[in-house]
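Notes to accompany the following structure.
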Amino acid sequence: MSQDPLYVTRPTLPPRDDIEDLLREVWDSRFLTNRGPILQRFEADLERYLNVPHVSLVANATLGCMVALRSLGADQGEIITPAFSFVATAHAARWLGHDIVFADINPKTLNLDPSDVERRITSRTRAILPVHCYANPCDVAALAEIGARYKIPVVYDGAHCFGASDQDGSLLRHGDLSVVSFHATKVFSTFEGGAIISHDIETKQALDRLCNYGIVDQTHIEALGLNAKMSEIHAALGLAQLPYVARDIENRAKVVRRYWDRLSKIPGIRCVCPPNREGQNYYSFPILVGANYPMSRDILYQKLQDAGIQARRYFYPLLTDLPMYRDASSDGLEAARTAAEQVLCLPLYPDLAPEDQDRVIACICDPCA
Ligand SMILES: *Cc1c(COP(=O)(O)O)cnc(C)c1O
């Protein structure tokens, strides 16, 4: 049996030739950044591909979340967000000086529980920042209704969501704003990168200005912007990658179906993302290791590690346990805490070989071997 390390994810890349043509364009034009011609083409292609009104490309999704939240206003307050997420979600809001109010998740979907969000709204709430975790849709209708009733904007951290949809289109069309990541570990990558999705041209232009120091023109600077722009090289990587993303998602689906067939009936294991729901991008394959599995999640994690399999506890530790969030309330977050204690994401990428996948499956089926 091969003992080559198996990583939790491994990026696919477009053929080098596809990139070379675009690089030649950059060298010829000498536009390296500042909304160059390749970036503008990439934005237009993404608007078409995702069928969303407006795309603002950014250097990464963390800056995207910061710019999106900042565009709602500069006064500080509270941001309600799930305790079960990647650190970047809460960090983006905290970096702007907001207080973080963690809300619990629905134990079934692992997404923000709207009724718990509503309980935590105060006069200082500035925004709701939900995450479509593993690209499974949040209860978008309930969150939109709460946002409208309390006049609080909803900004989605849709970092995982490229290519994911519900019955009416891309998940990224929900909320006042949505942010998606193009990091190397996501379904679609520009190595580093991301985008903010907005619904009218004035908002898009305001977001673009915030990403460029707040500059309106040579003599007018309207806001305390920062530099969150995407470069021409990153946009070229995206343009070259876009024709392959649908194929990548199909290949991910095959891997996910194989995991589901072998693992979904194992006592004590719950597979969070059944492959039969329409519109998935198969970003991740999280399992929850329950009390009636023969060993704890952490012991299984170590066994996989010893077999050269790099599963990942996304997301652990719970954000309230991190030093910078110790002042946030950790009450009533039982479902988030259980998910953080049980979750394990298995290796998943488009060209994961079946024999390598079988090494992962064998470890989980027969953990005491
Ligand atoms: C990856 C990720 C981010 C950050 O994206 P970057 O583009 O790397 O900044 C934010 N939120 C979640 C939930 C993520 O998984």
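Any value given below was found using the heavy atoms of this structure, including those in side chains, with hydrogens, waters and symmetry copies removed. No experiment lies behind these values; they were computed from the predicted model shown. One-based numbering along the sequence shown.
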Considering only NZ, NE, NH1 and NH2 on the basic side and carboxylate oxygens on the acidic side, decide whether [X] and [Y] come within less than 4.0 Å.
| X | Y | value |
| --- | --- | --- |
| E222 | R209 | yes |
| R149 | E118 | yes |
| E25 | R41 | yes |
| D356 | R359 | yes |
| R337 | D321 | yes |
| D208 | K204 | yes |
| E20 | R16 | yes |

* Asked: Is there a donor in the side chain of N136 and an acceptor in the side chain of T109, or the other way round, less than 3.5 Å apart?
  ->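 The answer is no; no qualifying pair exists.
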* So, for F182 and F188, is the gap between ring centers shorter than 6.0 Å? ->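 That pair passes the under 6.0 Å test.
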* Asked: Is there any ring-ring contact (aromatic ring centres under 6.0 Å, His included) pair reaching into residues 34-59, and which pairs are they, with sequence neighbours excluded?
  ->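 Residue pairs passing ring-ring contact (aromatic ring centres under 6.0 Å, His included), neighbours aside: Y49-F162.
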May I ask you to test the [X]-[Y] pair for a side-chain heavy-atom distance under 4.5 Å?
| X | Y | result |
| --- | --- | --- |
| P354 | K254 | no |
| I249 | Y282 | yes |
| V8 | L346 | no |
| M295 | K303 | yes |
| I269 | I287 | yes |
| N212 | N227 | no |
| Q305 | L300 | no |
| D116 | D104 | yes |

* Does the salt bridge (charged side-chain N to carboxylate O under 4.0 Å, His left out) test come out yes or no for D166 and R173, once each step is laid out? -> CA-CA 10 Å; D166 55 25; R173 76 190 193 285; 3.0 Å; yes
* Asked: More than 12 foreign heavy atoms under 6.0 Å from CG of D351: is that the case here?
  ->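 Buried by this count: over 12 neighbours within 6.0 Å.
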* R247, CZ atom: more than 12 neighbouring heavy atoms under 6.0 Å ->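 It does: R247 CZ has more than 12 such atoms within range.
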* To do: Please go through Y316's hydrophobic cluster and name the other residues, only I, L, V, M, F, W, Y counting, with side-chain heavy atoms under 4.5 Å joining them.
  =>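 Reading the cluster by chain and number, Y316 sits alone, since nothing else belongs.
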* To do: Each residue besides L112 in its hydrophobic cluster should be listed here, by chain and number; the cluster joins Ile, Leu, Val, Met, Phe, Trp and Tyr at side-chain heavy-atom distances under 4.5 Å.
  =>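 I80, V101, V117, I121, I128, V140, L143, I146, Y150, I152, V154, Y156, all in the cluster of L112.
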* Asked: Does S264 have any side-chain contact (heavy atoms from CB on, under 4.5 Å) partners at least two apart in sequence or in another chain, and if so, which?
  ->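 Here the qualifying residues are W260, C271.
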* **Counterpart residues, side-chain contact (heavy atoms from CB on, under 4.5 Å), relative to H91 (two or more places apart)** =>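 So H91 forms a side-chain contact (heavy atoms from CB on, under 4.5 Å) with V87, M324, Y325.
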* To do: Verify, without hydrogens or angle tests, whether E47 (side chain) and V55 (backbone) share a donor-acceptor contact under 3.5 angstrom.
  =>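 Yes, E47 side chain to V55 backbone: donor-acceptor pair under 3.5 Å.
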Restricting to non-hydrogen atoms, name the atom on [X] and the atom on [Y] that form the minimum distance, rounded to 0.1 Å.
| X | Y | result |
| --- | --- | --- |
| L304 | C363 | CD2-CB, 3.5 Å |
| P350 | V255 | O-CG2, 4.5 Å |
| I197 | V180 | CD1-CG1, 4.1 Å |

* To do: Determine the interplanar angle of the F315 and F84 rings, folded into 0 to 90°, and report it as parallel if under 30°, tilted if 30 to 60°, perpendicular if over 60°.
  =>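 Judged by the thresholds at 30° and 60°, the geometry between F315 and F84 is perpendicular.
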* Take V131 and F86, measure what side-chain contact (heavy atoms from CB on, under 4.5 Å) needs, and give me the verdict at the end. => CA-CA 9 Å; V131 179; F86 184 53; over 6 Å; no
* **side chain to side chain donor-acceptor pair (under 3.5 Å) evaluation trace for Q302 with D306** => CA-CA 6 Å; Q302 195 52 54; D306 294 345; 3.1 Å; yes
* **Pairs meeting criterion salt bridge (charged side-chain N to carboxylate O under 4.0 Å, His left out) with involvement of residues 261-290, two or more places apart** =>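 Residue pairs passing salt bridge (charged side-chain N to carboxylate O under 4.0 Å, His left out), neighbours aside: R262-D358.
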* How far apart are the C-alpha atoms of Y283 and Y134, what are their side-chain angles, what is the distance that settles it, and do they pass the ring pair (Phe, Tyr, Trp, His ring centres under 6.0 Å) test? -> CA-CA 6 Å; Y283 164 61; Y134 316 119; 7.4 Å; no
* Asked: When rounded to the nearest 0.5 angstrom, what is the spacing between OG1 in T9 and CG in L352?
  ->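 T9 OG1 to L352 CG: 10.0 Å, rounded to 0.5 Å.
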* Asked: Are R313 and Y301 in a cation-pi contact, defined as NZ or CZ under 6.0 Å from the six-membered ring centre and within 45° of the axis?
  ->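 Because its charged atom sits under 6.0 Å from the ring centre and within 45° of the axis, R313 does stack over Y301.
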